Structures are given as structure tokens and as C-alpha cells.
Amino acid sequence: MHEQAIQHYFADKEPMLVEAVSRLVRIDSTLGPALPGKPFGEGPAAALEELLALARSWGLSGQNLEGYVGTVDLNDQETVLHILGHLDVVDPGEGWTVTEAFVPKLVDGLLYGRGTDDDKGPVAAALLAMKAVKDLGIPLRRNVRLIAGTDEETGFRDVKWYYSRHPYAPYTISPDADFPIINIEKGHYQPTFQAAWPQEQALPRVSDFTGGTRLNMVPPKATVLGLSLDTVEAAIRDLALEEAISFSCQEKGPGGHILCSGQNAHGSTPEEGHNAQTALVALLAALPLADCPSTRALRALHALFPHGDHHGQALGIAQADDLSGPLTLAFTMLTLHDTGCQGRFDSRTPLCGTEETICRPAQAALTQAGFTVQGPLDPPHHVPADSPFLQVLAKCYEQYSGRKSQCLAIGGGTYVHDIPGGVAFGASMPGFVSNLHGPDERVHVGDLLTAAKIYAQVILALCA
């Protein structure tokens, strides 16, 4: 039912959708310092206000809940469906070629800009789906609520705040992944490890190392200070790393400055990036440095997280199962100075992963290398494929995409990870490469419009 009306409604809505997404993408909504009413900074707060202004201009009712999330409702009936998306984004990074990160640009049916795919574009598609249902005047017996968060990329503090004050809905989707249906999200093991030592005096040594700044992003840059550059260039040649990794060296202060450049990617897909941090650690481990605590720490880290090991083999935690696939690992954060170091890695763990097979081996290996380790295993999220709710989603997807639905597992974690029965559902179509978290992030506008149709049908199937 209603397919003809929905198809007709969306026939001329592509320009409206492009402009809505562009309005959001123009705002740099990376995490900033907390301010009154703006817990995650100016940028996320501005994006939230822009979404609510867009909703009001479309005749929808929205609320700003203390800067944590914004909500948009279709009516005042019982809410049975939550659509969870987010307006915050990761750092722009470098390497953009089509446009700048916050300057949306439409080229050959692709809209480029940070957040076009993750997750401003899908949020706008869900909002347009709600507008469609309202404008079509189809009676609803229940309500759908769009919940737009502002802290998905840096800790989920927004939805944790919301659900500590509001109940879960019977049905929840997050348009923050791929179609068809993501019914498995891998677990997370993302511990902090550190070591401390007395003030060092030995030379040559590393006096300052700075790696990645985001736990869930493959580091595109890493720097080190304090070294003589005499032996560095020969060591770089001997490493023979991939062409996407580059080094620049210059004399600076009392010692040399080395910058390693790679390419960022989402922490759940480390093989899609080029990790500058592990490459720089590999270089330092190959240099003839003094036998001191910082050198021993760097060489231990190179042994445990060798460049190109995306599955935790060296750490002793590699594993896989048929439903959720292999464990992935990205060494994403490291700082080191004269009196110690601290680091983190981002591993996405399959259904078969347990404390016994992941945490204990990792902790034992790091402890043996002289580090203390803290951090729990966050278990995977799994909704059975035969759930009646998932059958509704599958039917709506097949109806408008013309493709066969199936359930999939991902390493990325969305808002539904801890929500009973919730699944990620779109908005990217199978096979599309969006470059999320990387340069030239983009969305296929035609596919995004199809996603809006699917979401409109889901609303009608569950609320009409």
C-alpha cells in the first residue's frame, strides 16, 4: 500500500534533499569545548539548531533537549519507532580533492562533504521521509520520533543521556550504516595502556611522540621530536612501506622533527587506511637509539602492533566466526614523552570473542612488555534475523530498492549497539564506497532519495 503515492511524492524532491544535506554539511560540527547548553561545543550545537530550523520549515515539530539531542515527532500518539542519527562529524583530515570538507559540492550525482554519508545525509533523508508522510495526509495511529544526536563519534554521551531519561521504543533503526539490514554489530575492546619511567637522559632517544587523536579513526599523521636525522633517511628506505605512507624530516630545536603522513579511515575498517602511527613506530624501532625505557617501549609496541597487522595477530587475539567475520584492530592513539607513554587501540570483536580469548591474551602481552592495561570488553549486538520487525524492514527495502534483502554484520558501532532489538538500516546502498571518515566523503543522491522512500514506507508499516 501507498507505494504509488510515495513514488509520486518524491519524484521532484531531489533538489530539496540536496539543499537540506548541504545546509547541515556547511557547519563544522566536530567536537568542541563544552559550553552552557552546548555540551559538545559550538559546532554540534549549531548543526542541531540547523536541523530543527529545517524541520520547522517543513512543518514538523522539533525540540532541543539541553543540547544533547534534538527530537522531531509526527504526532502526539504513542511513539513506537525511533530513528536515531547523528549530526556530529569526525575531523576533516587531509587529502580532499573534489572540494573542502565543509563546502558541499554536487558532481555527477554525488554530493561531497564531511557528513554527507556519516550521518547528516541520512538524517536529512529520514526527516524528508517524515515530511512525506505528513504531506501525504495518511492517518497514523502511532508516532515516529527522529532523534538527532551530537556525540556519536566521541562516546555516545548524547543518547546515553537521552535514554537515561526516556524509554526505549518498541522499534528502533539507525540510518548510519549500509542497506540492507545490519543485525550484528561487533563488540569493542578499546583498552588504555600506559607505562611510566624516570626522567630520561640517554641519547639518542625519542623525547616526544604524538600519534592519533581519535580512538575510532586510523591516524593520518604522527610526529616525533628529539632525534638526529643522520640515520633516518636510510632507515626510511629500508622499511619499504607502501607509497601512501610518506615521511618528511627537518632540523628543529635541539633535535630533528619527523612527520609521517598516511591516510585516515574508520577504525572498524583499518585496511582501508594507511596508519601513520604504526608506520612511524616501525621507523623508530629500526633506528639505533639508546637502550632506555622509551626505546624499549617503542620497540615493544612495534612488535605488538606491526604496521599492516589489521587483525591482532601479533597481539595474539586474531579470531573469526561465520556470522560476524574476523576481529579487526587499529592502533589509533599514542603519546610518548620523557617520563612515560599512553596508548589505545580500537578492536572490533566477533560474536565468538570473549574475555578469555581477547582481553586476557592482550593484557598478558602488554603486561609482559611493561605496560599496565585498563578497559572492559563491550560485547557484540545481535538481533535474530527472523525477528518480525526485521521482516518488515526487509520488505520495505526490497519494495523500493529492487534488491534482495539480507542481514549483515559490521565492525562499526552505531547508536543501536546497546538498544534492545535495534538495527542499523541504510542509508548507503550495497557496493557504494562513501569514503566515510576519509577524504572526499560523498553520498549518492539518487540512493539517498531511495532511502527516504524506504523510511517513509517503514513509518507507514509500523505507525499507520
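These numbers were taken from a predicted model, which means no experiment stands behind them.
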Between [atom1] on residue [X] and [atom2] on residue [Y], distance to nearest 0.5 Å:
X: Ile83; Y: Met130; atom1: CD1; atom2: CE; result: 6.5 Å
X: Cys352; Y: Asp321; atom1: SG; atom2: CG; result: 4.0 Å
X: Leu60; Y: Thr71; atom1: CG; atom2: OG1; result: 11.5 Å
X: Thr30; Y: Arg114; atom1: OG1; atom2: CZ; result: 10.0 Å
X: Ile138; Y: Leu460; atom1: CD1; atom2: CG; result: 4.5 Å
X: Glu185; Y: Ser174; atom1: CD; atom2: OG; result: 7.5 Å

inquiry  = Run the side chain to side chain donor-acceptor pair (under 3.5 Å) test on Asp346 and Tyr189 for me, step by step, so that the C-alpha distance in whole Å, both residues' side-chain angles and the decisive distance to 0.1 Å come before the verdict.
reply    = CA-CA 6 Å; Asp346 181 0; Tyr189 183 50; over 6 Å; no
key: Residue of the set Asp118, Thr269, Asn264, Asn216 for which side chain to side chain donor-acceptor pair (under 3.5 Å) holds with His437   = Asp118
Considering all heavy atoms of both residues, which atom of [X] and which atom of [Y] are nearest to each other, and what is their separation?
X: Ile410; Y: Ala177; value: CD1-CB, 4.2 Å
X: Ala303; Y: Ala314; value: O-CB, 3.3 Å
X: Ala276; Y: Ala222; value: O-CB, 3.8 Å
X: Ala129; Y: Phe10; value: CA-CZ, 4.2 Å
X: Met429; Y: Ser401; value: CE-CB, 4.3 Å
X: Ile27; Y: Ala46; value: CD1-O, 3.7 Å

Can you confirm whether [X] is buried at [atom1], in the sense that more than 12 heavy atoms of other residues, nucleotides or ligands lie under 6.0 Å from that atom?
X: Glu19; atom1: CD; answer: yes
X: Asp12; atom1: CG; answer: yes
X: Gln391; atom1: CD; answer: yes

Could you tell me whether the side chain of [X] and the main chain of [Y] form a donor-acceptor pair under 3.5 Å?
X: Asp176; Y: Gly85; answer: no
X: Thr116; Y: Gly113; answer: yes
X: Thr357; Y: Thr354; answer: yes
X: Asp158; Y: Lys160; answer: no
X: Asp119; Y: Pro122; answer: no
X: Arg344; Y: Gln190; answer: yes
X: Gln374; Y: Gln194; answer: no
X: His274; Y: Gly262; answer: no
X: Asp88; Y: Glu153; answer: yes
X: Asp117; Y: Ser434; answer: no

message = Assess the residue pair Tyr112 and Glu441 against the criterion (side chain to side chain donor-acceptor pair (under 3.5 Å)); give the C-alpha distance rounded to whole Å, side-chain angles, the decisive distance to 0.1 Å, and a yes or no.
response = CA-CA 6 Å; Tyr112 290 81; Glu441 179 182 346; over 6 Å; no
task = List the steps, then state whether salt bridge (charged side-chain N to carboxylate O under 4.0 Å, His left out) holds for Lys105 with Glu100.
result = CA-CA 9 Å; Lys105 185 175 182 180; Glu100 297 176 21; over 6 Å; no
task = I would like to know whether Leu52 and Val72 meet side chain to side chain contact (heavy atoms under 4.5 Å, CB included); could you show each step before the answer?
result = CA-CA 8 Å; Leu52 294 174; Val72 180; 4.3 Å; yes
Look at the aromatic rings of [X] and [Y] and report parallel, tilted or perpendicular, splitting at 30° and 60°.
X: His82; Y: Tyr163; result: tilted
X: Phe193; Y: Phe371; result: perpendicular
X: Tyr455; Y: Phe179; result: tilted

ask   = Taking the six-membered ring where the residue is Trp, are the ring centres of His307 and His302 under 6.0 Å apart?
value = no
ask   = Under 6.0 Å between ring centres, would you say that holds for Phe345 and Phe331?
value = no
ask   = Are Val107 and Val98 side-chain neighbours, meaning at least one heavy-atom pair lies under 4.5 Å?
value = yes
query = Would you say the side chain of Val89 lies within less than 4.5 Å of the side chain of Phe102, judging by non-hydrogen atoms?
reply = yes
message = Working note: Glu152 + His86, criterion side chain to side chain donor-acceptor pair (under 3.5 Å); need CA distance, chi angles, decisive distance, verdict.
response = CA-CA 6 Å; Glu152 195 272 350; His86 66 92; 3.3 Å; yes
ask   = How far apart are the C-alpha atoms of Leu84 and Ile419, what are their side-chain angles, what is the distance that settles it, and do they pass the side chain to side chain contact (heavy atoms under 4.5 Å, CB included) test?
value = CA-CA 11 Å; Leu84 298 179; Ile419 295 178; 3.3 Å; yes
inquiry  = Listing request: all salt bridge (charged side-chain N to carboxylate O under 4.0 Å, His left out) pairs with a residue in residues 390-416, at least two apart in sequence or in separate chains.
reply    = Glu398-Lys404
query = So Glu78 and Asn143, side chain to side chain donor-acceptor pair (under 3.5 Å) or not? Walk me through it.
reply = CA-CA 6 Å; Glu78 175 194 6; Asn143 179 48; over 6 Å; no
Could you pull out every donor-acceptor pair under 3.5 Å between side chains of residues 447-454 and any protein atom, sequence neighbours left out?
from   : atom 1 : to     : atom 2 : distance (Å)
Thr450 : OG1    : Gly446 : O      : 3.1
Lys453 : NZ     : Gln7   : OE1    : 2.9

Test side chain to side chain contact (heavy atoms under 4.5 Å, CB included) applied to Leu24 and Leu87, step by step = CA-CA 8 Å; Leu24 298 172; Leu87 300 170; 4.3 Å; yes
request  = Please test Arg442 against Asn435 for side chain to side chain contact (heavy atoms under 4.5 Å, CB included), starting from the C-alpha separation and ending with a verdict.
outcome  = CA-CA 7 Å; Arg442 70 270 182 90; Asn435 296 342; 3.8 Å; yes
note = Residues passing the side-chain contact (heavy atoms from CB on, under 4.5 Å) test with Val392, sequence neighbours excluded, are Cys396, Ala461, Leu462
